[in-house]
Amino acid sequence: MLILGSGSPRRSELLAQLGLTPDAVRPPEIDETPLPGELPRRYCERITAAKLAAVEADSEDIVLCADTTVAVGRRILGKAADPEEAAAFLRLLSGRRHKVITCIAVRRGSAAWHRTSVSSVRLKRLSEREIAGYLATGDWKGKAGAYAIQGPAAAFVAWIEGSHSGIVGLPLHETATLLQQAGLEIWK
Ligand SMILES: Cc1cn([C@H]2C[C@H](O)[C@@H](COP(=O)(O)OP(=O)(O)OP(=O)(O)O)O2)c(=O)[nH]c1=O
C-alpha cells in the first residue's frame, strides 16, 4: 500500500503525474517551528524526517513525505500567517535570488531513504501594485514563501535553476528514484 503522508493537494497532483494514486492520504501533524539559528536545509530535512515519523503505517506499506522551505540567505520563510506577513515575504523576495528546498523521505518497514532538491528562483522586482494584486488572488495562502510558481505568481518568476516539480512541492525525479528503491514499480 502506498501512503502519501501529506495534506498538500499539489503533492497529490504531482504524484498523479507519475501515474500513481496513493491508497491512503495521511497528513502528518507536527510542530514546524525552526530551532534557534537553524539553517534552511537542515530545517527542511529535520521537518521531513519528523513528518515521516508521524505517519502510521504497516511494515509493508510505503510512506512518502515532503517539506518545502523557501530560504533567503540563512533566513527560513515558511507559510505566511496573514496578508501582512505575505506582503513582507514578497518584498523580501522582490528582485533577488532565493532558494526553494524540498526534502522528500520514503519509509518501508525499518528502511528509510531521503533526498533533498535545491532550486534557485529569481523573482522580478515587484511593485506595490503587483504585490497587492497578487495578495488579492488569495493564491499565497498555504505556500512556503507566500507564492506558488504554478499559479499567477508565475508572472513574477524571471528565472529558475533546478527542479520545477521540486519548487511546487514534490521533486519528481527524486520521488521516482526513492519509490523505486523502496520497491514500488512505476513503469509497469
Ligand atoms: C514555493 C512553493 C511552495 N508551494 C507549496 C507546496 C507546499 O504545499 C507548501 C509548503 O508547505 P509544506 O509544509 O511543505 O507542506 P504542507 O503543509 O502544504 O503539506 P504537508 O505538510 O501535509 O505535506 O508550499 C507551492 O505550491 N508552490 C510553490 O511555488
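Ligands are counted one by one from 1 in listed order, and the atoms in each one are counted from 1 as well. Everything quoted here is computed from the prediction, not taken from an experiment.
- Remark: minimum distance from atom 11 (O) of ligand 1 to any protein heavy atom is reached at Lys79 CE, 3.1 Å.
- Heavy atoms of other residues, nucleotides or ligands lying less than 6.0 angstrom from CH2 of Trp187 number 12 at most.
- At least one N/O-N/O distance between Gly7 and ligand 1 falls below 3.5 Å.
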Carefully, step by step, assess Tyr147 and His98 under the rule ring-ring contact (aromatic ring centres under 6.0 Å, His included). CA-CA 12 Å; Tyr147 78 91; His98 63 273; 5.5 Å; yes
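- Those atoms of ligand 1 that come under 4.0 Å of a heavy atom in Asp67, given as number and element, are 12 (P), 13 (O), 14 (O).
- Panel note: side chain Ser120, backbone Glu161; no donor-acceptor pair is recorded below 3.5 Å.
- Counting heavy atoms only, Ala144 comes closest to atom 10 (C) of ligand 1 of the residues Gly78, Gly145, Ala66, Ala144.
- With hydrophobic clusters built from ILVMFWY side chains whose heavy atoms lie under 4.5 angstrom apart, Ile76 does not share a cluster with Val118.
- Close approach to Val168 involves these atoms of ligand 1, each under 4.0 Å from a residue heavy atom: 4 (N), 5 (C), 6 (C), 25 (C), 26 (O), 27 (N).
- The side chain to side chain contact (heavy atoms under 4.5 Å, CB included) with Thr68 is formed by just one residue from the set Arg10, Arg11, Lys143; it is Arg11.
- The closest non-hydrogen atom to atom 18 (O) of ligand 1, taken over Ser8, Cys44, Ser119, comes from Ser8.
- Without hydrogens or angle criteria, Arg108 side chain to Glu60 main chain gives a donor-acceptor distance under 3.5 Å.
- Both Tyr134 and Ile160 are members of a single hydrophobic cluster when ILVMFWY side chains are connected at heavy-atom separations under 4.5 Å.
- For the pair Gln181 (side chain) and Thr177 (backbone), a donor-acceptor distance under 3.5 Å is absent.
- With a heavy-atom cut-off of 4.0 Å, Lys143 touches ligand 1 through backbone and side chain alike.
- For Ala148, no nitrogen or oxygen atom sits less than 3.5 Å from a nitrogen or oxygen atom of ligand 1, counting backbone and side chain alike.
- A distance of 9.5 Å separates SG of Cys65 from CD1 of Ile3, quoted to the nearest 0.5 Å.
- Residue-to-ligand polar distances keep Pro28 apart from ligand 1: every N/O pair is separated by 3.5 Å or more.
- Those atoms of ligand 1 that come under 4.0 Å of a heavy atom in Ile167, given as number and element, are 1 (C), 2 (C), 3 (C), 27 (N), 28 (C), 29 (O).
- Residues Ile101 and Pro40 approach most closely at CD1-CB, 3.7 Å, considering heavy atoms.
- Numbered from 1 in the order shown, with element, the atoms of ligand 1 that lie under 4.0 Å from a heavy atom of Ile149 read 27 (N), 28 (C), 29 (O).
- In this structure, the protein non-hydrogen atom closest to atom 15 (O) of ligand 1 is Arg11 NH1, 3.0 Å.
- Of the listed options Gln150, His98, Glu32, Lys51, Lys51 places a heavy atom closest to atom 12 (P) of ligand 1.
- Looking from atom 8 (O) of ligand 1 to the surrounding protein, the closest heavy atom is Arg10 NH2, 2.8 Å.
- Assignment of Gly142 to the shell around ligand 1 is supported, since a heavy atom sits closer than 4.0 Å.
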